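Structure first, commentary second.
Heads up: numbering here begins at 1 and tracks the sequence. Every value quoted in this text rests on a predicted model; they were computed, and no experiment measured them. Only this structure's heavy atoms are used, side chains among them; waters, hydrogens and symmetry mates stay out.
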Amino acid sequence: MSLLPSNYCEDQIASGDLVRVLPEWSPPTVFVHLVYPTRRFLPSKLQVCLEELKRWKSRAGRRFDDRARD
């Protein structure tokens, strides 16, 4: 048994290689905070990190909403 981020194993779940053994359970919400000095002159690596966090949050929210409707 393992707790994995769903975006790491979606393909394996879809193919049947992995099986959710507790489909009605989900882990507690994870709060992510990113602290940086200013939005002015953001380094490109930080900009990429912020964009990826936004995409991750968007994907995670959609998956949670989909599970809630089931």
Side-chain angles (χ1 to χ4, degrees):
M1 260 183 156
S2 178
L3 175 61
L4 300 170
S6 55
N7 59 325
Y8 285 8
C9 55
E10 288 173 336
D11 294 339
Q12 290 81 5
I13 291 172
S15 71
D17 290 336
L18 293 177
V19 177
R20 288 192 71 182
V21 294
L22 299 170
E24 65 283 347
W25 181 85
S26 36
T29 302
V30 175
F31 294 98
V32 176
H33 300 274
L34 188 61
V35 180
Y36 49 92
T38 179
R39 285 193 174 266
R40 262 182 112 183
F41 309 115
L42 285 179
S44 59
K45 289 180 181 180
L46 180 56
Q47 291 175 358
V48 169
C49 180
L50 289 171
E51 290 304 315
E52 185 56 33
L53 282 172
K54 288 177 190 176
R55 281 194 294 274
W56 173 76
K57 180 183 175 197
S58 173
R59 289 189 310 261
R62 282 196 309 271
R63 280 193 300 275
F64 179 76
D65 290 344
D66 292 344
R67 283 194 308 237
R69 283 185 230 133
D70 293 342

**Study point:** Spatial distance of atom OG (Ser58) from atom CG (Leu53) [nearest 0.5 Å]
**Key:** 12.5 Å

Point to revise | Distance, nearest 0.5 Å, that separates CG of Leu50 from CZ of Arg55 | key: 11.0 Å

Study note, to complete from the structure: For Asp17, the side-chain hydrogen bond (donor to acceptor under 3.5 Å, both in side chains) test, sequence neighbours excluded, returns Ser15

**Study point:** Non-neighbouring partners of Ser2 that pass side-chain hydrogen bond (donor to acceptor under 3.5 Å, both in side chains), sequence neighbours left out
**Key:** none

Point to revise | Common cluster, Leu46/Phe41, ILVMFWY with side-chain heavy-atom separation under 4.5 Å | key: no

Exercise for review: Write down the atom of Met1, the atom of Leu22, and the distance for their closest heavy-atom approach.
Suggested key: CE-CD1, 4.4 Å

Point to revise | Crowding at OH, Tyr8 (>12 non-hydrogen neighbours, <6.0 Å) | key: no

Review point. Within the side chain of Arg20, is there an N or O that forms a donor-acceptor pair under 3.5 Å with the backbone of Trp25?
Key: yes

